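Presented below is the structure to which this report refers.
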There are 2 protein chains.
Amino acid sequence: MSEAERPGGRREGTGSLAHRVPDLAALELLLAVARLGSLGAAAREVGITQPAASSRVRSMERQLGVALVDRSPRGSRLTDAGVLVTDWARRVVEAAAAFDAGARALRDRRDSRLRVAASMTIAEYLLPGWLLALHAERPDTAVSLLAGNSAKVAELLLSGEADLGFVEGLSVPAGLDAVVIGRDRLIVVAAPGHPWARRRRPLSPEELGRTPLILRERGSGTRQVLDAALGGLARPLIELSSTTAVKASAVSGAGPSVLSELAVREELASRRLVAVPVEGVPLRRDLRAVWPKGHRPTGPARDLLSLTRA
Amino acid sequence: MSEAERPGGRREGTGSLAHRVPDLAALELLLAVARLGSLGAAAREVGITQPAASSRVRSMERQLGVALVDRSPRGSRLTDAGVLVTDWARRVVEAAAAFDAGARALRDRRDSRLRVAASMTIAEYLLPGWLLALHAERPDTAVSLLAGNSAKVAELLLSGEADLGFVEGLSVPAGLDAVVIGRDRLIVVAAPGHPWARRRRPLSPEELGRTPLILRERGSGTRQVLDAALGGLARPLIELSSTTAVKASAVSGAGPSVLSELAVREELASRRLVAVPVEGVPLRRDLRAVWPKGHRPTGPARDLLSLTRA
DNA sequence: ATGAGGGCATAAGCTGGGTTTATGAGCGAG
DNA sequence: CTCGCTCATAAACCCAGCTTATGCCCTCAT
């Protein structure tokens, strides 16, 4: 009953992002201001009144502790800091747009003109981007998404519950035609503090095989590829049930791991994980679009397919 | 709940992201639920009560039209759809974390232990990631950021107002020592519908030089590099005053453009822009860390520097 | 000069989403 | 069989942010 639950001390560091980052509506408003050069015009565009926009921007500036726009009776322009903040805001908004595209596809399970079945990795990391691009070209296309492993994708296609599929893996499921649309690679990663992170000589397969790694559980696609590449030798340090858990564990320095390049792209870019060179281990796997044998994709399926070919 | 608010019937497309995407607090809560396997535990972690968490998750599910977690008396696990949504949510949260890291550096102009001066491109696209990585390794380091062009960076370093600088460009400003930390490339891009997008033969310098392009104004760093590479020949179709405006214009199909690889990475990944191959035009430029001649970076500056070397 | 128009700031009042507190119900373990 | 964990529901409450209604400032055109 006493409210001593909250240690009243410093809330430095972890104040929960949401308290320090303006909400999406505010960020969108800021982008509109940047584009239109006027608070009032931006307000109109996002469907609120001018005083509301004024207040929103002001409270953003208070929250961030930085002046973002130069107001003048002739309009508003971004300050230097505002330009930077706006660009960072754009990235947040784009991630939100990808979220929305994915969520929308997930919701419209039925009655969509294009039903896509995809493996988890592709659904997670590639599909939202494709959906955004598709929306830009063919705004009317309603897409629905079903996710599963290769076998599930094949089943959905063959039973007519999906029009187009995407799988990663070594072989094409029976009864399907396929085209390679890209390539994924498993890479060895370690936290920056790990000895391997500074390594310049490539790891040998034996070395990789005898070192305990943070891995997905047996049976997962990634684990299968790794085991096959090493000849069933992969030795687990910990086994976790999701790619995310594996990543988090690797980032925290628990040990090295082997993960899809797609899954760790961001961590590599921000240097929270480091790629470790390896030699003599075939860790590539093809990404393929698939469809029922003979039934060449047409209409919206063809549109989407043409977007995915790099 | 039938509301005939918007005349025009169709509320397809533009419903303003913020109405369709849960706010950051909700996304963070979802991530916590995924990690901890319990609504109550997640609630505790983000500092709200269990019923609030329950209600928040429920309203997310209503908003998205998809069940995200399987509740049981023994805890909560993500559904299949929940796994996907959570991964997309993670990307939004990471973008927000980068935003926060950048904004924080921008705010703490003075009295920071490490004062960084960076050119716009680096400040926009690379620094937030570095700051996140630095924070992961050295949580106590307070960083401040000043952005400007190469000359401004040099000035700040030489006057002692900054400890470490980052510039992109062909030469190192006088009075500074430097080390190359990466490489940027200008690339020719076009919207997917543009004829160049399907081109397989590389463009020749002449062809590029005689085609009107969407460009930054004369005097911008990007424009300078391009003009130098072409021998002053670049022909503008439109001249715009920000990288963002150029991108938006190119995406909308107004014409081809030449932009930093860093600036269009996301657009390329989602296929809103397509890279056009070019030959015989030297469009690379080095990214360098710089500091006052003789004053080797030490302490936090050295930490940051070591993070940036790929 | 001088008035019209666009742009931003301030003030006051209201609405509703999200929160807390309080309670109940299901399931498993000791 | 009871304790301890989980989640759901209900009711009261609080505050953030919106709208409406102004006013001031600047610029441009007459």
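Just so we're clear, the structure is a prediction, and the values are computed from it rather than from any experiment. Order of the sequence lines fixes the chain letters, A, B, ..., with proteins taken first and strands second; residue numbering starts at 1 for each chain.
- One finds a side-chain N or O of A:Ser76 lying less than 4.0 angstrom from the OP1 or OP2 phosphate oxygen of C:dC8.
- Between the side chain of A:Arg20 and the main chain of A:Ala18, no donor-acceptor pair closer than 3.5 Å is present.
- Salt bridge annotation for B:Arg107-B:Asp100: absent, with no cationic side-chain nitrogen under 4.0 angstrom from a carboxylate oxygen.
- Per the geometry, CZ belonging to A:Arg74 stands 23 Å off P belonging to C:dA4, to the nearest Å.
- Atoms CG (B:Leu24) and P (C:dG18) sit 14 Å apart, rounded to a whole Å.
- Here the nucleotide nearest the side chain of A:Pro51, chosen from C:dC27, D:dC25, C:dA11, is C:dA11.
- Distance, A:Leu36 CG to C:dC8 C1': 16 Å, rounded to whole Å.
- Listed pair B:Arg44 / D:dT6 meets the phosphate criterion, a side-chain N or O lying under 4.0 Å from OP1 or OP2.
- In terms of phosphate contacts, A:Ser72 brings no side-chain nitrogen or oxygen within less than 4.0 Å of OP1 or OP2 of C:dC8.
- B:Gln50 places its CD atom 18 Å from the P atom of D:dG4, with the value rounded to the nearest Å.
- Rounded to an integer number of Å, the gap from CD1 of B:Ile48 to C1' of C:dT20 is 11 Å.
- At the heavy-atom level, B:Ser38 lies under 4.0 Å from the strands shown only through sugar-phosphate atoms.
- In this structure, A:Thr49 reaches the D:dT19 phosphate: one of its side-chain N or O atoms is under 4.0 Å from OP1 or OP2.
- Atom-to-atom, CG of A:Leu29 to P of D:dC18 comes out at 9 Å; the value is rounded to the nearest Å.
- Remark: P of C:dT19 and CZ of B:Arg58 are 15 Å apart, rounded to the nearest angstrom.
- B:Ser54 has no side-chain polar atom (N or O) that falls below the 4.0 Å cut-off from OP1 or OP2 of D:dC7.
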